[in-house]
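See below for the structure under consideration.
All values below come from the heavy atoms of this structure, side chains included, with hydrogens, waters and symmetry mates left out.
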Amino acid sequence: MRPGEPVEPEAVGPGAYRERPAGLPGAVLWSRTLPSGPVRPVLPDGCMDLLWTRPPDGGPGRLTVAGPDTGPHPATDVPGTRYAAVRFAPGVAPALLGVAPYELRDRRVELADLWPASQVRALAGHLEAAPAPGRALDAWAARRAAERPAPDPRLSQLVTLLAAGTPVAGAAKNLGVGPRRLHQLSRDAFGYGPKTLGRILRLGRARELAAAGLPVAEVAHRAGYADQPHLSREVRALTGLTPGALLGG
């Protein structure tokens with residue numbers, strides 16, 4: 001493997017996690033091999049993923065859609081399972097995959113349950129034959145996005161506004177829609193209303209600030225929480241972890 005070449009799941013050791021920007025703007029290509037020890041659950045981030053999963057016995061892979069989470073989602077596959085996946089930016093996956101995100105909220109669903117069997121077989125066969133399934137999945141997602149209508153630009157604007165701490169009423173006014181219409185747009189694109197999306201995005205901001213080395217009190221202030229106890233309550237509600245375990249780990 002050449003220096004700087006993206007790491008594929010086959011080359012990732014147990015427990016290791018790798019990611020890089022995907023070909024689709026705003027998306028991330030990631031890979032992982034599930035370790036035998038404890039694994040931290042997947043935490044909500046406003047995104048949806050398309051996963052290519054290979055069992056440790058070398059059996060055929062399967063395609064799964066990870067719906068939008070509102071809380072921690074445990075890892076349930078057996079140790080040694082390998083993943084290659086595309087994590088789409090918030091609001092992108094539903095239109096690209098043709099799925100209703102609110103029906104997949106807090107779920108992991110086989111793509112075969114959402115798409116015609118012939119389409120799933122074609123994509124699975126393509127990935128099985130590819131020497132680098134992660135890169136093949138990345139290229140497929142970019143091609144499919146180019147064939148689909150562009151996402152509603154209001155969706156990315158909404159994410160930007162809520163991530164910056166704009167109240168829901170202020171975001172609706174900024175986008176020129178009423179609260180009810182904003183809720184419908186958010187539900188159809190993200191799987192839940194703007195209030196839940198704002199909470200999840202704010203937690204993501206808090207994690208970024210903590211990773212930069214700021215103390216928890218400063219993180220709470222800059223991320224837009226009322227105070228440090230408010231941050232602590234939100235961390236527990238959305239992740240099931242203590243603030244120390246999430247922000248200090």
To the closest 0.5 Å, what do you measure between [atom1] ([X]) and [atom2] ([Y])?
{"X": "S186", "Y": "K195", "atom1": "OG", "atom2": "NZ", "value": "13.0 Å"}
{"X": "T242", "Y": "L247", "atom1": "OG1", "atom2": "CG", "value": "8.5 Å"}
{"X": "L185", "Y": "L158", "atom1": "CG", "atom2": "CG", "value": "8.0 Å"}
{"X": "I200", "Y": "L203", "atom1": "CD1", "atom2": "CG", "value": "8.5 Å"}
{"X": "L63", "Y": "D113", "atom1": "CG", "atom2": "CG", "value": "12.0 Å"}
{"X": "R32", "Y": "R18", "atom1": "CZ", "atom2": "CZ", "value": "11.0 Å"}

### Query
Under the side chain to side chain contact (heavy atoms under 4.5 Å, CB included) test, which residues partner Q119, sequence neighbours left out?
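Testing Q119 for side chain to side chain contact (heavy atoms under 4.5 Å, CB included), a comparison that skips the adjacent residues, returns W115, P116.
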With sequence neighbours left out, what residues match [X] under side chain to side chain donor-acceptor pair (under 3.5 Å)?
{"X": "T70", "result": "D106"}
{"X": "Q184", "result": "R181"}
{"X": "R108", "result": "D69"}
{"X": "D152", "result": "R154"}

Donor-acceptor pairs under 3.5 angstrom involving side-chain atoms of residues 234-241: please list them, not counting sequence neighbours.
residue, atom, partner, partner atom, Å
E234, OE1, R199, NE, 2.7
E234, OE1, R202, NH2, 3.4
E234, OE2, R199, NE, 3.4
E234, OE2, R199, NH2, 3.0
T239, OG1, V235, O, 2.6
T239, OG1, L241, N, 3.1

In residues 84-105, what donor-acceptor pairs under 3.5 Å come from side-chain atoms, sequence neighbours left out?
residue, atom, partner, partner atom, Å
R87, NH1, Y17, OH, 3.4
R87, NH2, Y17, OH, 3.1
R105, NH1, G191, O, 2.4

### Task
Might you point out which heavy atoms bring P55 and P60 nearest each other, and give the distance in Å?
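Answer, listing the atom of P55 first, then P60: CD-O, 3.5 Å.
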### Query
Of all heavy-atom pairs between G23 and A142, which one has the smallest distance, and what is that distance?
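Minimum heavy-atom contact is C-CB, 4.4 Å.
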### Hphob cluster co-occupancy, V39 + V42, side-chain heavy atoms under 4.5 angstrom
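Each belongs to a different hydrophobic cluster.
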### Query
Are V159 and F190 close enough, and set up right, to give a side-chain contact (heavy atoms from CB on, under 4.5 Å), and what steps lead you there?
CA-CA 10 Å; V159 169; F190 309 108; 3.7 Å; yes
### Task
Answer yes or no: is there an ion pair linking R20 with D138, defined by an N-O contact shorter than 4.0 Å?
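A salt bridge links R20 with D138.
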### Message
Looking at T81 and V78, would you say the former's side chain and the latter's main chain have a donor-acceptor pair under 3.5 Å?
### Response
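Confirmed, T81 side chain pairs with V78 backbone.
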### Query
How would you list all residue pairs meeting salt bridge (Lys or Arg N to Asp or Glu O under 4.0 Å) that involve residues 114-130, not counting sequence neighbours?
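For residues 114-130, and leaving out neighbouring residues, the salt bridge (Lys or Arg N to Asp or Glu O under 4.0 Å) pairs sorted by first residue read R54-E128.
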Would you tabulate the side-chain donor-acceptor contacts of residues 44-53 under 3.5 Å, counting partners in other chains and residues two or more places apart, or write 'none'?
residue, atom, partner, partner atom, Å
D45, OD1, C47, N, 2.9
D49, OD2, W30, NE1, 2.9

Side-chain donor-acceptor pairs under 3.5 Å in residues 160-171, sequence neighbours left out?
residue, atom, partner, partner atom, Å
T160, OG1, S156, O, 3.0
T166, OG1, L161, O, 2.9

### Task
Enumerate the residue pairs fulfilling side chain to side chain donor-acceptor pair (under 3.5 Å) with a member in residues 203-218, sequence neighbours excluded, ordered by first and then second residue.
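Applying side chain to side chain donor-acceptor pair (under 3.5 Å) to every pair that reaches into residues 203-218, excluding sequence neighbours, yields E218-R222.
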### Task
May I have the step-by-step check of salt bridge (charged side-chain N to carboxylate O under 4.0 Å, His left out) for R62 and D77, ending in yes or no?
CA-CA 12 Å; R62 72 181 196 276; D77 288 314; 3.2 Å; yes
### Task
Please collect all ring-ring contact (aromatic ring centres under 6.0 Å, His included) contacts where either partner lies in residues 198-247, sequence neighbours excluded, each pair once.
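Of all non-adjacent pairs touching residues 198-247, those that pass ring-ring contact (aromatic ring centres under 6.0 Å, His included) are Y225-H230.
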